[in-house]
**Q** 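Got a structure for you, written out below as structure tokens; questions coming shortly.
Given the structure is predicted, the values throughout are model-derived calculations rather than measurements.
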Amino acid sequence: FDHGVSIFLAMFLYGAAAGNGAGHFAKLTSHQALRGLGAYSFEVYLFQYPVNRLYMIWGRETAHQSAEVFMAFFLNLWLVAGLYAEFIEAPLVRWLRAITSDEVSTAATLTAERGTGLAGNRVAAE
């Protein structure tokens, strides 16, 4: 890595962040299509290796040997990531939040009924 470009990178980052994100780069990266892709980027990271292994098991060429295979891999990767995020991860997160909020509210109710605070210490009634 050439550290000679560091000053230019720092200037770019400052310029992108200056003015509370009102710069040209902020406008470009806040585009709806890019934000949509960003919503699934972690899932793409998670599924990149397994989808690549499936392509290799099925006897496909590696992605760098053919543009058609690369595009198929790329589209399938984003499809798998999107399906996982929408139909597995999102319902699971909603369910986990629901049960944990129920447990927290139940614990708070029991604590209030018993008149105890943290570590079971008695709380003076007001």
Side-chain angles (χ1 to χ4, degrees):
F1 181 72
D2 183 13
H3 296 290
V5 298
S6 297
I7 189 69
F8 298 109
L9 179 60
M11 290 182 342
F12 168 74
L13 291 174
Y14 176 76
N20 293 330
H24 296 295
F25 185 74
K27 289 178 184 175
L28 174 70
T29 57
S30 66
H31 190 272
Q32 186 66 27
L34 293 177
R35 291 190 338 193
L37 288 175
Y40 301 134
S41 63
F42 182 67
E43 288 79 7
V44 167
Y45 168 74
L46 291 177
F47 288 112
Q48 179 178 352
Y49 183 76
V51 171
N52 188 19
R53 296 304 297 170
L54 284 174
Y55 267 71
M56 293 178 80
I57 289 170
W58 290 333
R60 303 280 192 242
E61 304 165 348
T62 56
H64 67 275
Q65 292 177 337
S66 166
E68 294 84 7
V69 173
F70 173 75
M71 286 308 296
F73 167 76
F74 184 77
L75 295 173
N76 283 319
L77 177 61
W78 281 92
L79 178 67
V80 168
L83 291 173
Y84 173 81
E86 294 296 325
F87 296 110
I88 296 174
E89 182 184 12
L92 181 62
V93 167
R94 281 194 300 271
W95 177 73
L96 287 172
R97 286 183 179 164
I99 64 168
T100 56
S101 67
D102 289 345
E103 290 174 3
V104 169
S105 63
T106 302
T109 303
L110 290 175
T111 301
E113 289 174 356
R114 292 183 192 147
T116 56
L118 296 175
N121 298 331
R122 283 275 175 208
V123 176
E126 293 183 21

**Q** Using 0.5 Å steps for rounding, measure from the CH2 atom of Trp58 to the CZ atom of Arg53.
**A**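 Nearest 0.5 Å value for the CH2-CZ distance: 13.0 Å.
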**Q** Is the side chain of Asn76 donor-acceptor paired with the backbone N or O of Ala72 at a distance under 3.5 Å, no angle test?
**A**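 A pair under 3.5 Å: yes.
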**Q** Output the distance between atom CG (Leu83) and atom CD (Glu89), rounded to the nearest 0.5 Å.
**A**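 CD of Glu89 is found 12.5 Å from CG of Leu83.
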**Q** Hey, could you give me the OH/CG distance between Tyr49 and Leu54, rounded to the nearest 0.5 Å?
**A**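 Reported to 0.5 Å precision, the distance equals 10.5 Å.
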**Q** Going by heavy atoms in the side chains, are Arg35 and Gln32 under 4.5 Å from each other?
**A**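 In contact.
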**Q** For Tyr40 and Trp78, which heavy atoms make the closest approach, and how far apart are they?
**A**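 The answer is CB-CZ3, 3.8 Å.
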**Q** Between the side chain of Tyr84 and the main-chain N/O of Glu43, is any donor-acceptor distance below 3.5 Å?
**A**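 Side chain of Tyr84 to backbone of Glu43, a donor-acceptor pair under 3.5 Å: no, none is there.
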**Q** Are Leu92 and Phe87 co-members of a hydrophobic cluster defined by side-chain heavy atoms under 4.5 Å apart?
**A**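 In one cluster: no.
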**Q** If I compare all heavy atoms of Pro50 with all of Leu46, which pair ends up nearest, and what's the gap?
**A**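 Looks like CD-O, 3.5 Å.
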**Q** Would you say Leu37 ends up clustered with Val51 if hydrophobic residues are merged whenever their side chains have heavy atoms under 4.5 Å apart, either directly or through other cluster members?
**A**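 In one cluster: yes.
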**Q** For Ile7, look at atom CD1 and say whether over 12 heavy atoms of other residues, nucleotides or ligands are found less than 6.0 Å away.
**A**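 No - once you tally the heavy atoms of other residues, nucleotides and ligands closer than 6.0 Å, there are 12 at most.
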**Q** Between Leu77 and Leu75, is there a shared hydrophobic cluster once you connect ILVMFWY residues whose side-chain heavy atoms come closer than 4.5 Å?
**A**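 Leu77 clusters together with Leu75.
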**Q** Would you say Phe47 and Leu79 are hydrophobically clustered, going by side-chain heavy atoms of ILVMFWY under 4.5 Å?
**A**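 No, Phe47 does not connect to Leu79 through the hydrophobic network.
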